[in-house]
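Heads up, the thing below is written out as structure tokens.
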Amino acid sequence: MEPRLSFVHRFKPGTRPGARPLLLLHGTGGNEDDLVPLGEMIAPGSPMLSPRGKVLENGMPRFFRRLAEGVFDEEDVHRRALELARFVEEAHKNYGVAAPLALGYSNGANIAAAVLLLRPNVLSGAVLLRAMAPFARPPEAKLAGTPVLILSGARDPIIPAANAARLAATLKDAGAVVDHRTLPVGHELSHLDVKIARGWLESLATVQSE
Ligand code: MLT
């Protein structure tokens, strides 16, 4: 059984020495089990820490409150991002995992972006799948060299292209090394996401071990 930390979560120890830990952040209506198979496809053998969002919207777990689709309660985003950052620190103490790279989908990608901007040292990078800018006026962050992959969908009915581009620009301005690509898909995940994210993570591991 998992220890009682501040989020219901699942922890899967790594099986590959030195593999970068992942923080898995599910989309609306998901849970702590959802992204584990995706994590395994993208980063086989990595330790995985997977919390369940605490906010319920009609019974569906999320990581922060929204007022409407694509309209966020930014005070809640702020508070919940700090809460999630504290959970990552608790997990560090309990499981001994180093700063993880976030792998977030949709609402999970949006809270990951908020954590990057509010607590830059908590994550070692991020793969943001179908992400939006979490703040209308983002805080100033120092993300020097933090690698971030953003994969957007050209036919995504939920996320305007300009919004994802604004997020990429904000992270770049903060010093992150951002790779933003738009795929010929909608809001749903595709095999292309898996292939690109896996290749991107592998190239990161290579660069870091050189
Ligand atoms: C959000 O609320 O974070 C975004 O609109 C994506 C979603 O969860 O549908």
Side-chain angles (χ1 to χ4, degrees), residues 7-9 22-39 42 49-85 87-88 100-119 122-123 125-139 141 148-171 176 178 180-190 192-194 197:
F7 276 72
V8 173
H9 69 284
L22 293 185
L23 175 68
L24 305 178
L25 299 167
H26 62 78
T28 301
N31 65 29
E32 64 278 22
D33 295 325
D34 267 26
L35 291 193
V36 173
L38 181 69
I42 289 176
L49 177 64
S50 187
R52 186 194 303 170
K54 289 185 183 187
V55 170
L56 288 180
E57 182 184 276
N58 301 323
M60 295 187 294
R62 287 175 49 85
F63 286 97
F64 57 81
R65 262 170 44 84
R66 64 179 163 183
L67 307 174
E69 192 168 277
V71 184
F72 302 154
D73 175 342
E74 292 198 21
E75 243 179 71
D76 196 57
V77 180
H78 193 281
R79 182 164 79 85
R80 302 281 176 184
L82 296 182
E83 192 177 59
L84 183 61
F87 164 74
V88 174
L101 183 137
L103 170 61
Y105 169 62
S106 192
N107 181 245
N110 301 341
I111 192 78
V115 173
L116 278 172
L117 290 167
L118 291 168
R119 296 291 312 279
V122 164
L123 300 175
V127 173
L128 306 178
L129 305 169
R130 312 298 181 270
M132 291 178 72
F135 301 111
R137 274 195 300 270
V148 179
L149 175 65
I150 303 176
L151 296 180
S152 301
R155 294 192 295 271
D156 191 330
I158 297 175
I159 301 172
N163 188 302
R166 181 155 63 83
L167 172 63
T170 300
L171 295 171
V178 179
H180 181 198
R181 304 187 210 180
T182 301
L183 313 182
V185 297
H187 196 68
E188 74 290 348
L189 291 178
S190 70
L192 253 187
D193 288 279
V194 176

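Atoms within a ligand are numbered from 1 in the order they appear, just like the ligands themselves. Computed from heavy atoms alone, side chains included, the values below leave out hydrogens, waters and symmetry copies.
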Exercise. Tell me, please, which residues at least two apart from D73 pass salt bridge (charged side-chain N to carboxylate O under 4.0 Å, His left out).
Key: R65
Please produce the table of protein N or O atoms sitting under 3.5 Å from N or O atoms belonging to ligand 1, one pair a line, distance to 0.1 Å.
residue	atom	partner	partner atom	Å
ligand 1	2 (O)	R62	NH1	2.8
ligand 1	2 (O)	R62	NH2	2.9
ligand 1	2 (O)	R66	NH1	3.2
ligand 1	3 (O)	N107	ND2	2.9
ligand 1	3 (O)	N110	ND2	2.8
ligand 1	5 (O)	R66	NH1	3.4
ligand 1	8 (O)	T28	OG1	2.6
ligand 1	8 (O)	R62	NH1	3.2
ligand 1	9 (O)	R66	NH1	3.2

Quiz item: Can you tell me if T28 and R62 form a side-chain donor-acceptor pair at under 3.5 Å?
Solution: yes
Quiz item: What class does the angle between the rings of F87 and F7 fall in, given that below 30° is parallel, 30 to 60° is tilted and above 60° is perpendicular?
Solution: tilted
Exercise. Please name all residues satisfying ring-ring contact (aromatic ring centres under 6.0 Å, His included) with F135, sequence neighbours left out, ordered by chain then number.
Key: none
Quiz item: Nearest 0.5 Å, what's the NE2-CG distance between H187 and L129?
Solution: 10.0 Å
Quiz item: Listed by chain and number, what are the side chain to side chain contact (heavy atoms under 4.5 Å, CB included) partners of A109, not counting sequence neighbours?
Solution: L128, A131
